[in-house]
Amino acid sequence: DSGVTQTPKHLITATGQRVTLRCSPRSGDLSVYWYQQSLDQGLQFLIQYYNGEERAKGNILERFSAQQFPDLHSELNLSSLELGDSALYFCASSPEGVSSPLHFGNGTRLTVT
Amino acid sequence: GQQLNQSPQSMFIQEGEDVSMNCTSSSIFNTWLWYKQDPGEGPVLLIALYKAGELTSNGRLTAQFGITRKDSFLNISASIPSDVGIYFCAGLDSNYQLIWGAGTKLIIKP
């Protein structure tokens with residue numbers, strides 16, 4: 001158990017809808033990262049937050065947004081969903097920045113129909 | 001952007017065989033990380049390397065930080081069925097960006 005909790009585990013929704021994925025980092029970790037993994041693909045970095053502030057941005061679509069709250073949990077919002085957004089979405093956390101290894105949750109599997 | 005070349009893309013091996021995979025880049029990295037992902041789960045950290053030339057073991061796994069700082073390898077000795085999965089390397093570059101390899105899928109032949 002990595003200590004990173006993601007909910008829900010599975011999400012099925014229709015095109016055009018909006019969903020929110022939630023992540024609770026390991027106790028004491030200040031950084032939260034979001035990654036997207038499409039079927040049999042690698043990990044695509046979306047965005048990083050550190051202690052409530054956006055730290056780095058990857059290949060995140062404008063339809064996607066995220067935030068980190070004062071209690072350090074994070075939410076990833078995906079809107080105007082398309083079939084191609086179907087993927088596993090992982091959250092990871094680390095004590096500070098990327099200089100310390102990331103620990104991943106077990107992901108949220110999003111299926112857009 | 002920067003890329004890591006991870007090879008091989010996939011490996012079919014017999015149980016008991018040794019396995020070797022590597023990641024290379026044209027750029028220098030300050031840290032190398034190796035992760036394993038089981039189906040439907042998140043990647044799990046196997047080994048972290050912080051110094052050029054560093055050789056670190058974790059059970060049957062051994063990883064090395066290349067002396068040029070542009071590569072790293074992971075070896076698995078005497079593979080067993082639970083070694084099946086996807087292995088990812090990741091490198092921390094001089095801009096403190098974490099760059100990921102595309103993964104090596106390990107499959108054990110029955």
Side-chain angles (χ1 to χ4, degrees), chain A residues 1-11 21 23-26 29 31-50 55-60 76 86-111, chain B residues 1-11 21 23 25 28-51 54 56 58 61 63 65 72 74 84-107:
Chain A
D1 182 7
S2 68
V4 179
T5 304
Q6 288 188 249
T7 57
K9 286 189 177 177
H10 302 276
L11 203 46
L21 314 183
C23 169
S24 293
R26 290 190 320 164
D29 284 0
S31 271
V32 168
Y33 310 77
W34 287 97
Y35 282 84
Q36 180 193 55
Q37 187 179 38
S38 301
L39 189 63
D40 288 337
Q41 298 293 312
L43 295 160
Q44 298 297 319
F45 170 63
L46 296 177
I47 198 163
Q48 178 202 352
Y49 278 82
Y50 175 77
R55 173 67 67 89
K57 228 171 183 175
N59 299 322
I60 187 166
L76 179 67
S86 295
L88 267 168
Y89 290 85
F90 287 106
C91 169
S93 73
S94 68
E96 296 185 359
V98 287
S99 55
S100 42
L102 277 57
H103 294 268
F104 285 80
N106 278 332
T108 292
R109 182 174 292 282
L110 174 66
T111 303
Chain B
Q2 288 194 60
Q3 286 189 333
L4 279 183
N5 298 310
Q6 184 170 354
S7 64
Q9 190 174 2
S10 61
M11 302 182 74
M21 61 191 78
C23 281
S25 173
I28 287 172
F29 287 91
N30 298 315
T31 298
W32 284 97
L33 306 172
W34 285 93
Y35 286 83
K36 183 195 176 203
Q37 184 179 25
D38 290 326
E41 297 186 9
V44 173
L45 180 68
L46 299 173
I47 292 177
L49 304 160
Y50 299 103
K51 273 174 52 175
E54 181 180 352
T56 298
N58 178 4
L61 277 61
F65 193 140
S72 177
L74 175 71
V84 162
I86 303 176
Y87 292 80
F88 289 102
C89 66
L92 186 66
D93 71 11
S94 53
N95 294 320
Y96 289 94
Q97 296 211 29
L98 194 61
I99 313 297
W100 289 82
T104 294
K105 192 170 189 176
L106 188 63
I107 302 156

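Protein chains get the first letters and strands the later ones, always in sequence-line order, with residue 1 at the start of each.
- Scanning all heavy atoms of the two residues, the minimum distance from P43(B) to L43(A) falls at CG-CD1, 3.9 Å.
- Within a 6.0 Å radius of CZ in R26(A), other residues, nucleotides and ligands contribute more than 12 heavy atoms.
- Other residues, nucleotides and ligands place no more than 12 heavy atoms under 6.0 Å from the OH atom of Y96(B).
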*Audit row: F90(A), Q37(B), side-chain contact (heavy atoms from CB on, under 4.5 Å) steps and yes/no*: CA-CA 12 Å; F90(A) 287 106; Q37(B) 184 179 25; 3.3 Å; yes
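- Under the side chain to side chain donor-acceptor pair (under 3.5 Å) criterion, S94(A) pairs with Y33(A), sequence neighbours left out.
- In this structure, chain A has a heavy atom under 4.5 Å from the side chain of A48(B), while its backbone stays farther away.
- Across every non-hydrogen atom of L33(B) and P101(A), the tightest pair is CD2-CG, 4.0 Å.
- If you measure heavy-atom distances from Y35(A) to chain B, the contacts under 4.5 Å come from the side chain alone.
- Across L102(A) and Y35(B), no two heavy atoms sit closer than the pair O-OH, 2.6 Å.
- Only the side chain of Q37(A) comes within contact range of chain B, judged by heavy atoms closer than 4.5 Å.
- Only the side chain of F88(B) comes within less than 4.5 Å of a heavy atom of chain A; its backbone N, CA, C and O stay farther away.
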